[in-house]
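Before anything else, here's the structure in question.
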Amino acid sequence: KQEVTQIPAALSVPEGENLVLNCSFTDSAIYNLQWFRQDPGKGLTSLLLIQSSQREQTSGRLNASLDKSSGRSTLYIAASQPGDSATYLCAVGSGANNLFFGTGTRLTVIP
Amino acid sequence: ETGVTQSPTHLIKTRGQQVTLRCSSQSGHNTVSWYQQALGQGPQFIFQYYREEENGRGNFPPRFSGLQFPNYSSELNVNALELDDSALYLCASSAGLAGSREQFFGPGTRLTVL
């Protein structure tokens with residue numbers, strides 16, 4: 001069974017700092033990896049999707065990388081802002097009909 | 001383009017009751033997946049509906065059941081509610097099976113079981 005781990009569980013940084021969130025998974029036979037943002041008590045907003053054949057994806061200040069062989073992905077956030085404060089979840093598409101989630105990293109950006 | 005919508009937003013039930021949650025998929029999507037998210041945890045896959053049939057199920061008992069309609073909207077039904085069923089229930093739609101396609105999530109339904 002696919003296991004997804006996110007480190008750290010919580011992170012607090014001053015505004016303007018660059019930061020990296022980590023995601024690891026146990027089974028490298030994946031279709032894709034998706035990063036989501038979740039605000040407290042809300043649904044999930046898709047940030048980036050990386051297909052298994054890709055190495056990275058970029059959207060604005062966000063860059064996600066994927067190393068399938070080592071079972072790792074990172075989400076890089078440049079020049080963090082207070083509005084970036086949220087929980088970030090990674091999810092691995094593994095098997096035709098399932099998405100496996102990590103427990104998330106709770107990010108706080110201090111003004 | 002309309003995104004994924006869910007109803008109701010919040011729901012309070014007592015133990016032993018039954019509940020039905022609803023989800024409308026994004027335009028052009030034929031697959032709906034349901035997830036349960038307990039407080040402080042990542043979402044857990046309940047099941048997926050593809051072209052009106054269940055196509056994959058997570059580790060949830062049979063009292064969790066669902067339907068998908070010809071317009072690809074979906075219902076999640078939970079019978080004999082237990083206190084541990086209290087959670088945020090998320091619906092996601094995709095243009096194809098959940099594991100291989102990008103998922104788009106609704107805002108969720110917060111269920112509280114007393």
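Below, read A as the first sequence line, B as the second, and so on, with proteins coming before strands; counting in each chain starts at 1.
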Proximity of B:Phe47 and B:Phe45 rings by center, below 6.0 Å: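 No, the ring of B:Phe47 stays outside the 6.0 Å limit from the ring of B:Phe45, centre to centre.
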Please enumerate all residues that pass salt bridge (charged side-chain N to carboxylate O under 4.0 Å, His left out) together with B:Glu54, with sequence neighbours excluded.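 Testing B:Glu54 for salt bridge (charged side-chain N to carboxylate O under 4.0 Å, His left out), a comparison that skips the adjacent residues, returns B:Arg57.
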Can you list the residues of residues 67-76 of chain B that sit under 4.5 Å from chain A, counting heavy atoms only?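 Interface residues of residues 67-76 of chain B: none, nothing closer than 4.5 Å to chain A.
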Applying side chain to side chain contact (heavy atoms under 4.5 Å, CB included), name anything that partners A:Val20, two or more places apart in sequence or on another chain.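 Checked A:Val20 against side chain to side chain contact (heavy atoms under 4.5 Å, CB included); matches are A:Asn22, A:Thr74, A:Tyr76.
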Hey, what's the ring geometry for B:Tyr35 with A:Phe101, parallel, tilted or perpendicular (30° and 60° as the breaks)?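 B:Tyr35 and A:Phe101: perpendicular rings.
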Chain A contact via B:Gln37 - which portion, at a heavy-atom distance below 4.5 Å: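 The side chain, not the backbone.
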Parallel, tilted or perpendicular: which fits the ring planes of A:Phe36 and B:Phe105, with parallel below 30° and perpendicular above 60°?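 The arrangement is perpendicular - the two ring planes meet at more than 60°.
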Using a cut-off of under 4.5 Å on heavy-atom pairs, state which of A:Gln51, A:Gln38, A:Lys42, A:Gln6 scores highest against chain B.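 When all of A:Gln51, A:Gln38, A:Lys42, A:Gln6 are compared, A:Gln38 has the most.
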Between A:Leu89 and chain B, with a heavy-atom cut-off of 4.5 Å, which part of the residue counts as in contact: side chain, backbone, both or neither?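 Just the side chain, heavy atoms under 4.5 Å.
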Checking side chain to side chain contact (heavy atoms under 4.5 Å, CB included) against B:Lys13, which of B:Asp85, B:Val78, B:Leu81 comes through?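 Between B:Lys13 and the candidates, side chain to side chain contact (heavy atoms under 4.5 Å, CB included) is satisfied uniquely by B:Leu81.
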Contacts of type salt bridge (charged side-chain N to carboxylate O under 4.0 Å, His left out), residue A:Arg106, not counting sequence neighbours: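 Partners of A:Arg106 by the salt bridge (charged side-chain N to carboxylate O under 4.0 Å, His left out) criterion come out as none, since no residue qualifies.
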